[in-house]
Amino acid sequence: MNRDPHLTQAQNTNATLMARRRAAMPRGSGQVHEVFVDHALNAEVWDVEGRRYIDFAGGIAVLNTGHRHPQIVEAVKAQLDRVTHTCFQVLAYEPLVELAEHLNRLAPGSSPKKSFFVTTGAEAVENAVKIARAHTKRSGVIAFAGGFHGRSMLTLALTGKVSPYKAGFGPYPAEIFHARFPSTLHGVSVADALASVEHIFKNDIEPERVAAIIVEPVQGEGGFYVAPKEFLQALRVLCDRHGIVFIADEIQSGAGRTGTWLAIEHSGVEPDLITMAKSLAGGFPIAAVTGRADIMDAPNPGGLGGTYAGNPLSAVAALEVIKVFEREQLLARAKQLGARLEAGMRAIAHRHPVIGEVRGLGAMVAMELLEPADHAPATALTNRLVAEAARRGLILLSCGPYANIVRVLVPLTASDAILDEGMGILAQAFDAVAG
Ligand SMILES: Cc1ncc(COP(=O)(O)O)c(C=O)c1O
């Protein structure tokens with residue numbers, strides 16, 4: 001007889017839940033750690049067996065304000081007692097308008113802004129492209145190698161990494177092209193990257209038919225490569241020259257992660273459109289497109305929307321996130337925390353030459369593992385490191401085209417004590433796997 005999962009919850013272990021998950025759910029939706037969470041608070045999680053972990057993954061960049069920030073939980077509880085869903089296109093509610101006002105104010109540059117909401121990052125990117133196409137009446141889009149923009153068909157087309165994201169799912173929407181993303185470590189200069197955009201104009205599509213260039217100011221999934229500011233500034237000039245919409249995908253780098261509300265602010269560039277999601281609402285699903293009002297108004301009424309788009313629970317959570325950032329001065333904290341993480345990683349790198357580079361912007365910090373002899377990606381070692389750290393109570397995530405980069409997305413609200421404890425585990429795990 002089948003067991004009733006609700007009745008047997010007390011006997012759950014990670015192994016029994018893993019077996020049920022494997023039987024009931026497809027393997028295509030992966031799972032980094034074979035751990036099932038029972039509860040979480042700020043930068044700590046406890047699994048169903050009562051084990052405690054320090055969370056350096058933050059639900060993949062969603063928890064800049066930590067798990068269950070009390071202020072956010074209170075606001076959502078209050079909203080639960082008022083209204084949870086109407087569909088904003090049917091009956092509207094103030095918190096979403098207020099959120100738009102805040103995001104418009106927080107977006108860089110002097111031109112008037114408007115914001116539109118959906119539920120996931122991929123949806124925000126899809127809609128940014130729709131808006132850019134409606135505004136320019138052009139079709140082409142240029143994205144960058146290694147970039148990640150989501151798992152829907154259009155955003156997979158924009159994503160610059162085949163395995164595991166794109167393999168087997170094509171064909172993809174047409175008129176998407178990939179330029180190179182600069183990386184000093186891998187010998188791609190800003191000039192090389194800009195030349196690759198010019199090659200696209202020469203080889204693939206004339207600039208007069210390009211609607212948008214979409215770029216992550218810091219590549220997230222792609223490996224925490226920071227776009228040099230002169231690169232972003234040159235892209236801005238190029239977009240202006242050809243009437244192309246500049247889209248900054250800030251879904252991973254935004255919401256205060258890098259020490260400014262948006263990572264693009266470090267460059268002084270005003271993008272035309274910005275996509276945000278993840279940490280925007282501290283664990284509740286909402287995504288935004290914010291941009292120049294004249295561009296945002298290009299689609300006709302009814303052209304944008306979604307049943308759950310801008311859910312009221314997520315809207316009040318996002319409003320609290322903005323307040324928490326101000327009250328707890330989390331932008332300044334992101335810079336301090338990033339410096340502390342970088343120093344800790346550099347200390348480990350001193351003992352382990354397999355760490356080819358420690359890099360980051362604010363609290364978006366990573367280390368890339370390369371075989372010292374030939375600079376080949378040390379993917380197997382990275383996997384062992386991530387597993388060993390989890391065994392010792394630290395949740396890590398890898399990233400990059402070869403999954404040989406360890407990224408840290410610990411909540412900005414984590415105390416120095418938790419941070420140092422996590423870095424201590426990272427160092428011990430490194431010593432254990434790299435000898
Ligand atoms: C830069 C970037 N864009 C888009 C996405 C897609 O967001 P979602 O998974 O919410 O659809 C992600 C997710 O990792 C991302 O990092």
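Just so you know, residue 1 is the first one in the sequence shown, and it goes up from there.
- Closest approach of F325 to A255, counting heavy atoms only: CZ-O, 3.1 Å.
- Side-chain contact check for H69 and E328: at least one donor-acceptor pair (N or O, by modelled atom type) lies under 3.5 Å.
- Using a 4.5 Å heavy-atom threshold, the side chains of R384 and L381 count as touching.
- When every heavy atom of L106 is checked against every heavy atom of E265, the shortest pair comes out as O-OE2, 4.2 Å.
- Side-chain contact between Y165 and L156 is present, with at least one heavy-atom pair separated by less than 4.5 Å.
- Note that the CG atom of L91 and the SG atom of C87 stand 9.0 Å from one another [nearest 0.5 Å].
- Using a 4.5 Å heavy-atom threshold, the side chains of D297 and I131 count as separate.
- Within 6.0 Å of CD on E230 lie more than 12 heavy atoms contributed by other residues, nucleotides or ligands.
- Of the possible donor and acceptor atoms, none in the side chain of Q71 sits under 3.5 Å from a partner among the backbone N and O of A75.
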Practice item. Could you give me the CA-CA distance, side-chain angles and deciding distance for D272 and K113, then say whether salt bridge (charged side-chain N to carboxylate O under 4.0 Å, His left out) is met? Key: CA-CA 9 Å; D272 299 310; K113 305 286 192 306; over 6 Å; no

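- Aromatic pair F117/F88: centroids not less than 6.0 angstrom apart.
- Side-chain N or O atoms of K130 include none that pairs as donor or acceptor with a backbone N or O of L304 at under 3.5 Å.
- Shown here for A277 and A287, the closest heavy-atom pair between the two residues is CB-CB, 3.7 Å.
- From T275, atom OG1 reaches atom CD of E126 across 12.0 Å, with rounding to the nearest 0.5 Å.
- Between P108 and T260, the closest side-chain pair of non-hydrogen atoms is not below 4.5 Å.
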Review point. Can you list the steps and then say if T382 with T379 is a side-chain hydrogen bond (donor to acceptor under 3.5 Å, both in side chains)?
Key: CA-CA 5 Å; T382 309; T379 306; 5.8 Å; no

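- Side chains of P285 and N311 form no contact here, defined as non-hydrogen atoms less than 4.5 Å apart.
- Side-chain contact check for F177 versus N203: every heavy-atom pair is 4.5 Å or farther apart.
- E216 and Y225 form no side-chain donor-acceptor contact under 3.5 Å, judged by distance and modelled atom types alone.
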**Study point:** side-chain contact (heavy atoms from CB on, under 4.5 Å) assessment of L397 paired with V386
**Key:** CA-CA 7 Å; L397 278 180; V386 171; over 6 Å; no

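- Checked by atom type, the side-chain pair R407/Q252 shows a donor-acceptor distance below 3.5 Å.
- For V237, the side-chain contact (heavy atoms from CB on, under 4.5 Å) test picks out R241, with sequence neighbours left out.
- Within the model, atoms CD1 of I264 and NE2 of H266 stand 10.0 Å from one another, a figure rounded to the nearest 0.5 Å.
- Rounded to the nearest 0.5 angstrom, I176 CD1 and H149 NE2 are separated by 9.5 Å.
- Remark: the backbone N or O of M18 is not paired with any side-chain donor or acceptor of E34 at under 3.5 angstrom.
- In this structure, H33 has its ring center no closer than 6.0 Å to that of Y53.
- Residues E368 and H186 bring a donor and an acceptor atom of their side chains to less than 3.5 Å of each other.
- A distance-only check finds a donor-acceptor pair linking the side chain of S279 to the backbone of L63 [under 3.5 Å].
- Looking at heavy atoms from C-beta onward, M276 lies out of side-chain contact with S253 at the 4.5 angstrom threshold.
- Counting all heavy atoms, side chain and backbone alike, E44 lies closest to H67 at O-CD2, 4.2 Å.
- The main-chain N or O of A363 is found under 3.5 Å from a side-chain atom of R257 such that the two form a donor-acceptor pair.
- Between the side chain of N300 and the backbone N or O of G303 there is no donor-acceptor pair closer than 3.5 Å.
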**Study point:** L96/I286 under side-chain contact (heavy atoms from CB on, under 4.5 Å): CA gap, chis, key distance, verdict
**Key:** CA-CA 10 Å; L96 200 63; I286 196 166; 4.0 Å; yes

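- Closest of all the heavy-atom pairs between N64 and G256 is ND2-C, 4.4 Å.
- R180 places no side-chain N or O within donor-acceptor distance of the main-chain N or O of S196, the cut-off being under 3.5 Å.
- Once rounded to the nearest 0.5 Å, the distance linking CD1 of I425 with CZ of F430 reads 15.5 Å.
- Both tests do not hold together for K161 against F148: distance to the six-membered ring centre under 6.0 Å, angle to the ring axis within 45°.
- Across all their heavy atoms, V90 and T86 have their closest contact at CB-O, 3.7 Å.
- For H85 and Y308, the gap between ring centers is short of 6.0 Å.
- Residue-environment remark: OH (Y402) stays at or below the threshold of 12 foreign heavy atoms within 6.0 Å.
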Exercise for review: Could you give me the CA-CA distance, side-chain angles and deciding distance for M423 and L341, then say whether side-chain contact (heavy atoms from CB on, under 4.5 Å) is met?
Suggested key: CA-CA 8 Å; M423 288 307 289; L341 287 172; 3.7 Å; yes

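- Here E342 does not pair with K335 in a salt bridge; the nearest charged N to carboxylate O distance is not below 4.0 Å.
- For R292 (side chain) and L273 (main-chain N/O), no donor-acceptor pair under 3.5 Å exists by modelled atom type.
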Check your understanding: Please walk me through it: do R82 and E94 pass salt bridge (charged side-chain N to carboxylate O under 4.0 Å, His left out)?
Key -> CA-CA 12 Å; R82 298 172 73 114; E94 189 188 357; over 6 Å; no

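- Taking 4.5 Å as the limit, every side-chain heavy atom of T65 sits out of range of all side-chain heavy atoms of E320.
- Classification of R333 and D416 as a salt-bridged pair holds, one side-chain N sitting under 4.0 Å from a carboxylate O.
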Practice item. Check the pair V316 / Y93 against side-chain contact (heavy atoms from CB on, under 4.5 Å), numbers first and verdict last. Key: CA-CA 11 Å; V316 298; Y93 30 87; over 6 Å; no

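- For the atom pair NE2 of H135 and CG of D294, the computed distance is 6.0 Å after rounding to the nearest 0.5 Å.
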Exercise for review: Start with the C-alpha gap between R391 and E388, add the side-chain angles, then the distance that decides, and say whether salt bridge (charged side-chain N to carboxylate O under 4.0 Å, His left out) holds.
Suggested key: CA-CA 5 Å; R391 221 176 51 75; E388 181 62 24; 2.9 Å; yes

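- Not a single donor-acceptor pair under 3.5 Å links the side chain of T290 to the backbone N or O of L103.
- Side chain of Y172 to backbone of K166: a donor-acceptor contact under 3.5 angstrom is found.
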